[in-house]
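Numbering of ligands and ligand atoms starts at 1, following listing order.
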Amino acid sequence: MSEIKKPDIYKMNLPADLKKLSTAQCEELCGDIRKILIDTVSKNGGHLASNLGTVELTMAIHRVFESPKDKIVWDVGHQAYTHKILTGRLKEFKTLRQENGISGFCRPDESVHDAFISGHSSTSVSAALGIATAMKLSGDKTHHAIAVVGDGASTGGELYEGLNNAGKSDTNIIVILNYNEMSISKNVGGMAKYLSSMRTKESYQRTKGKVERILDKTPVIGKPVKNAVRNSKNAVKNMILHSTMFEDLGFHYIGPIDGHNLEELEQGLMAAKAVNKPVFVHVNTIKGKGYAPAEANPGEFHGVGSFEIKTGNPDVVLSDSFSSIMGKELCEMGEKNKRLCAVTAAMKYGTGLQYFAKRFPERFFDVGIAEEHAVTFCAGLASMNYVPVFAVYSSFLQRSYDQLIHDMAIGGCHAVICVDRAGIVGDDGETHQGIFDVSFLTSVPNMRIYSPSNYDELRLCLHKAVEDDSGICAVRYPRGRDQSLYDTSDPVSTYVYRHIEGAKVLLVTYGRLANDLFTAIEILRNRDIKCDVIKLVNIFPIDNEVVDIMSAYDAVLFFEEAYYCGSISEKYASICPNVAQFAIDGFVKHGKCDVLLDELGFSAEKMADTVEGFLKDE
Ligand SMILES: Cc1ncc(C[n+]2csc(CCOP(=O)(O)OP(=O)(O)O)c2C)c(N)n1
Ligand SMILES: CC(=O)[C@@H](O)[C@H](O)COP(=O)(O)O
Ligand SMILES: [Mg+2]
């Protein structure tokens, strides 16, 4: 066999040069790309398994289509690392998710090849349809808008809103389903089952091929038998092919395709490109492909910190976190309270609900990536006097705003929302920073919000929230572990007030910042500046006792790790004119948490400097 001229990815003009390569050279390149993915993510952390599963798919997309004229929209975008490598960001790829480095998701401001912002699930078809419609309006009949969506993201409601609209649209939209049977953990729900049934079509296709090859070699009767079988097979095939929901929605269906076979992928995509109507391409892949530890445990290797390549072992093994403490406490409560239920939207492990799921499988519900549905589902449980606890990341809860008002609050439901990843999360950047939940939750009537700053307060607030049947109780806490350095012997669920003689200024905060604010007070004491402090735990509704305390000071400086508009500090400032707000006034990019908090002015040193500067200007 002739020696394959091995392409040097570092010397290629990407993505254009891809089209000049043979399939064999592309296969070589896929191996090099997998090495780059594993090497980089083992150092920086990130989403490994999803990206290992989409190497060939991404290569085929960029060989068949012409980005950026063809617009590729990645759903969630956590699986777009190969896309970034093949669109001119190979050299920067080592800066993945680092301070001032490239994002772990798609960002149009990072590259013209990133057609649309990504980070939250199930948005790609809606965005791609908007783009395809704009192409049609501007007379572009040759290029395509391509949505690449996983089977997990296919459990999200917005995806069906998009498919429903796209199927009957006279546009050049192509939807590529990347089916790997996994969300973060095993995919759930009827949709997952349906897609799995479509996956078996693959075996049908393979069997068909084998039977035909045998019959071709069978003398005399082979041909007539083949025709007879073909006619009956067509009936079967038509039943399977035309049973796909996607064709019923108006799409031309192509698949299933082996998502690691470049030739098959490119044939399928070429066929899709040739059809000038909405097309649905079904691709089967293996999450974690090409790295044994990730293939064996794709859930573990969905989102990882740095790890040892040889073994796959993480460099840092987390002990406890706010999530795990919540999950374990909920288990204890579930023993006594038989009406307690736990709900997740495809984030069982991320939210710490795996313990409850194991102990009370009949009262644990993973509804898929469907946060809107989750809230209304919880309201349904509550309407029958069950006590639902919905554990959800702050930024993912953003899409359930109407359900909180319409389905939960108006009916006076009692439900608990454990708002995890509240505040700055760091590496995931703008789409995942949990800085807006205070603004939207405080605008929901009958809402109470706790923001514990340590594990003891978390446990106490969880009990208060479950027992308080006056309405919706949110308990919000940050990503990671409790880093409190100060005494937590007497946890409270209202507020902590520390007063010293001669202090002229009051500092206020809540949640994770409390730890650094107490340190800032020590720093200020060493600069001969005496400050009193209030740490809020029950942050909403407004506490009149706190208002009275604030009113007695010349100045109150309120530090808040949340978006300023609709914040708690804004509410107190509207009652007490002596309150100065120090909150967040925009999106926060990706980076290490402590670096971002310092840049926002929320490190102990920075808060001390702010107080000193403020008093100088008084
Ligand atoms: C609204 C929303 N909810 C939850 C998540 C968290 N999340 C990120 S990726 C993912 C699973 C995606 O599964 P799939 O689409 O099948 O992609 P795969 O990783 O299998 O390639 C989830 C639940 C999110 N990004 N957005
Ligand atoms: C892609 C996505 O949205 C999730 O994988 C998210 O990145 C998980 O965040 P944590 O790492 O905080 O669990
Ligand atoms: Mg998947």
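Here D39 pairs with K43 in a salt bridge; the nearest charged N to carboxylate O distance falls below 4.0 Å. A salt bridge is defined here as a Lys NZ or Arg NE, NH1 or NH2 lying under 4.0 Å from an Asp or Glu carboxylate O, and E561 with R512 meets this definition. Between R476 and D420, no side-chain nitrogen of the basic residue sits less than 4.0 Å from a carboxylate oxygen of the acidic one, so the salt-bridge criterion is not met.
Taking each of Q79, H432, H78 in turn, the one with a heavy atom nearest to atom 3 (O) of ligand 2 proves to be H432.
Heavy atoms from other residues, nucleotides or ligands lying under 6.0 Å from CZ of F440 number more than 12. At most 12 heavy atoms of other shown residues, nucleotides or ligands fall within 6.0 angstrom of atom CD in E300. When the shell of 6.0 Å around CD of E99 is examined, it contains more than 12 heavy atoms from other residues, nucleotides or ligands. Atom NZ of K589 has more than 12 neighbouring heavy atoms from other residues, nucleotides or ligands inside a 6.0 Å radius. Shown here is R481, whose CZ atom has no more than 12 heavy atoms of other residues, nucleotides or ligands within 6.0 Å.
Counting only protein atoms, the N, O or S atoms lying less than 2.8 Å from the Mg ion (ligand 3) are D151 OD1, N180 OD1, M182 O, ordered by chain and residue number.
Of all atoms in ligand 2, numbered sequentially from 1 with element shown, those under 4.0 Å from a heavy atom of F396 are 3 (O). When each atom of ligand 2 is checked for a heavy atom of F105 under 4.0 Å away, the hits are 1 (C). Listed by atom number, the atoms of ligand 2 under 4.0 Å from R479 heavy atoms are 10 (P), 11 (O), 12 (O). Taking every non-hydrogen atom of H302 and a distance limit under 4.0 Å, the qualifying atoms of ligand 2 come out as 5 (O).
Between the side chain of Y455 and the backbone N or O of D482 there is at least one donor-acceptor pair closer than 3.5 Å.
Contact of the L441 side chain with the L404 side chain is registered, since non-hydrogen atoms from C-beta on lie closer than 4.5 Å. T351 is not listed as a side-chain neighbour of V392, based on a closest heavy-atom distance of 4.5 Å or more.
Remark: minimum distance from atom 13 (O) of ligand 2 to any protein heavy atom is reached at Y393 OH, 2.6 Å. Scanning the protein heavy atoms around atom 10 (P) of ligand 2, the nearest turns out to be R421 NH2, 3.6 Å. Among all non-hydrogen protein atoms, the one lying nearest atom 9 (O) of ligand 2 is D428 OD2, 3.4 Å. H47 NE2, 3.8 Å is the protein heavy atom nearest to atom 4 (C) of ligand 2.
Ring centroid separation for the pair F364 and F356 does not come in under the 6.0 Å cut-off.
Contact shell of ligand 1 (protein heavy atoms, cutoff 4.0 Å): S50, V76, H78, G119, H120, S121, G150, D151, G152, A153, N178, N180, M182, S183, I184, K287, H302, A346, M347, I369, E371, F396, R399.
Between S603 and D598, the shortest heavy-atom contact is OG-OD1, 2.6 Å.
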* To do: Decide ring pair (Phe, Tyr, Trp, His ring centres under 6.0 Å) for F301 and F307; before the verdict, give the C-alpha distance in whole Å, the side-chain angles of both, and the deciding distance to 0.1 Å.
  => CA-CA 10 Å; F301 280 84; F307 63 91; 5.7 Å; yes
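For H120, no heavy-atom contact with ligand 2 is shorter than 4.0 Å.
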